[in-house]
Amino acid sequence: MVETKLDVSLDLAYRLLHPRNTVLVTCAGSNGKPNIITLAWSMPVSRDPPIVAISIAPKRYSHKLIEETKEFVINIPTISILRQTFYCGKTSGRDVDKFKESGLTPAPAKKVKVPIIRECVAHLECKLLNQFEIGDHTLFVGEVIAAYANNGIFDKVFDVAKAKLVYHMGGNKFVTLQDEIMEV
Ligand SMILES: Cc1cc2nc3c(=O)[nH]c(=O)nc-3n(C[C@H](O)[C@H](O)[C@H](O)COP(=O)(O)O)c2cc1C
């Protein structure tokens, strides 16, 4: 039997690429005050050297901060901080101190001035290499200069039974992965 294919409106086409691993990016302006932005649009783009890309709309406060200091950290949350993850994607650092209001804890990074988020389970410290305006977003491309994960949850791959990563479906809907891993 041939499946019927129903059109998806083009403004929702991106959601066919969800659910997406959701991250909390920390950044800071030249005044040093840190901020957190929730992002579903991040990806690795080079293995050696290790380079990643994140897509941020110019109207976000974090966009200005990353342009100022050219550093950011990608922090990986789990569902234990889902509420805080959503909060950081619904409020702006222009109006609130997200560390203070969410209860997430800043901790020193290893190689950049921007803090990491202690409650996250893994961290990629990045130096901005380049940025590209693409449609209504800016693609920030960063070299990973330090990467680390909590003891016991990552051995070449995540132990997804222990690290319940956050995947964004769209709107306020999230999913996480089943414990079982299929090996091929
Ligand atoms: C789950 C989730 C994923 C998001 N993904 C992105 C994204 O990939 N790019 C983006 O520009 N904004 C994204 N947002 C929206 C920003 O996180 C949101 O506008 C935030 O309030 C901006 O904060 P800021 O003004 O402090 O930078 C997302 C929001 C949520 C809740």
Side-chain angles (χ1 to χ4, degrees), residues 1-27 35-63 65-67 72-93 98 117 120-126 128-144 147 149 153-154 156-184:
M1 200 184 83
V2 179
E3 294 293 334
T4 308
K5 310 281 185 188
L6 298 180
D7 280 342
V8 172
S9 70
L10 293 183
D11 63 325
L12 284 180
Y14 78 90
R15 285 211 180 153
L16 297 174
L17 296 170
H18 282 229
R20 293 197 64 80
N21 188 198
T22 300
V23 301
L24 293 175
V25 165
T26 39
C27 46
N35 188 41
I36 309 170
I37 180 170
T38 307
L39 297 181
W41 294 359
S42 75
M43 66 173 184
V45 291
S46 166
R47 196 138 70 162
D48 184 16
I51 298 173
V52 293
I54 55 176
S55 187
I56 301 184
K59 60 186 172 201
R60 316 288 188 229
Y61 181 56
S62 304
H63 189 283
L65 301 187
I66 294 173
E67 282 188 326
F72 58 91
V73 180
I74 300 179
N75 301 272
I76 310 297
T78 60
I79 54 170
S80 63
I81 53 165
L82 181 60
R83 194 173 294 275
Q84 294 91 326
T85 298
F86 193 55
Y87 175 80
C88 292
K90 283 286 149 202
T91 50
S92 178
K98 293 195 213 180
I117 301 171
C120 287
V121 295
H123 314 271
L124 297 88
E125 297 183 16
C126 303
L128 188 65
L129 281 181
N130 219 327
Q131 67 184 78
F132 304 91
E133 270 178 49
I134 300 178
D136 59 4
H137 278 58
T138 300
L139 194 70
F140 288 104
V141 177
E143 176 158 11
V144 182
I153 59 136
F154 183 87
K156 296 207 175 84
V157 294
F158 271 115
D159 181 337
V160 293
K162 288 188 185 151
K164 293 281 187 193
L165 305 182
V166 175
Y167 289 82
H168 188 219
M169 301 275 282
N172 63 353
K173 287 192 170 57
F174 295 87
V175 288
T176 192
L177 296 175
Q178 297 283 346
D179 298 354
E180 206 170 300
I181 299 174
M182 282 180 287
E183 283 182 20
V184 288

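If you read the sequence from its start, that first residue is 1, and numbering goes on from there. Atom set for the values below is all heavy atoms of this structure, side chains included, hydrogens, waters and symmetry mates excluded. Predicted, not measured: the structure shown is a model, and the values here were computed from it.
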Please examine the side chains of Val73 and Leu124, heavy atoms only from C-beta on, and report whether any two atoms are closer than 4.5 Å. no

Residue pair Ile37 / Phe72, side-chain heavy-atom distance below 4.5 Å: no

For residues 76-88, tabulate all N or O donor-acceptor pairs below 3.5 Å that involve a side-chain atom, not counting sequence neighbours.
residue, atom, partner, partner atom, Å
Thr78, OG1, Ser80, OG, 2.9
Thr85, OG1, Ile81, O, 2.7

With sequence neighbours left out, write down each residue that passes side-chain hydrogen bond (donor to acceptor under 3.5 Å, both in side chains) with [X], or none if nothing qualifies.
{"X": "Ser62", "value": "Asn35"}
{"X": "Asn75", "value": "Thr26, His123"}
{"X": "Asp11", "value": "Ser9"}

Nearest atoms (heavy-atom pairs only) where Met169 meets Arg15: O-CD, 3.8 Å

Closest approach of Gln178 and Val160, non-hydrogen atoms and distance? O-CG2, 3.7 Å

Supply the atom-to-atom distance Ile74 CD1 to Leu24 CG, rounded to the nearest 0.5 angstrom. 11.0 Å

How many angstroms lie between atom CG of Leu12 and atom CG of Leu10, to the nearest 0.5 angstrom? 9.5 Å

For residues 128-143, dump all side-chain donor-acceptor pairs below 3.5 Å to protein atoms at least two apart in sequence or in another chain.
residue, atom, partner, partner atom, Å
Gln131, NE2, Glu67, OE2, 2.7
Thr138, OG1, His63, NE2, 2.7

Taken in chain and number order and not counting sequence neighbours, the residues that satisfy side-chain contact (heavy atoms from CB on, under 4.5 Å) with Tyr167 are Pro19, Asn21, Leu165, Val175, Leu177

Taking side-chain contact (heavy atoms from CB on, under 4.5 Å) as the definition, give me every residue that meets it alongside Ala147, ordered by chain and number, with sequence neighbours left out. Val144

Give a yes or no on this: more than 12 heavy atoms of other residues, nucleotides or ligands lie within 6.0 Å of atom CG of Leu16. yes

Only counting residues at least two apart or in another chain, list the ones meeting ring-ring contact (aromatic ring centres under 6.0 Å, His included) with Tyr61. none

Pairs of donor and acceptor atoms involving the side chains of residues 40-60, under 3.5 Å and at least two apart or interchain, shall be tabulated with distances.
residue, atom, partner, partner atom, Å
Trp41, NE1, His18, NE2, 3.1
Ser46, OG, Pro49, O, 2.5

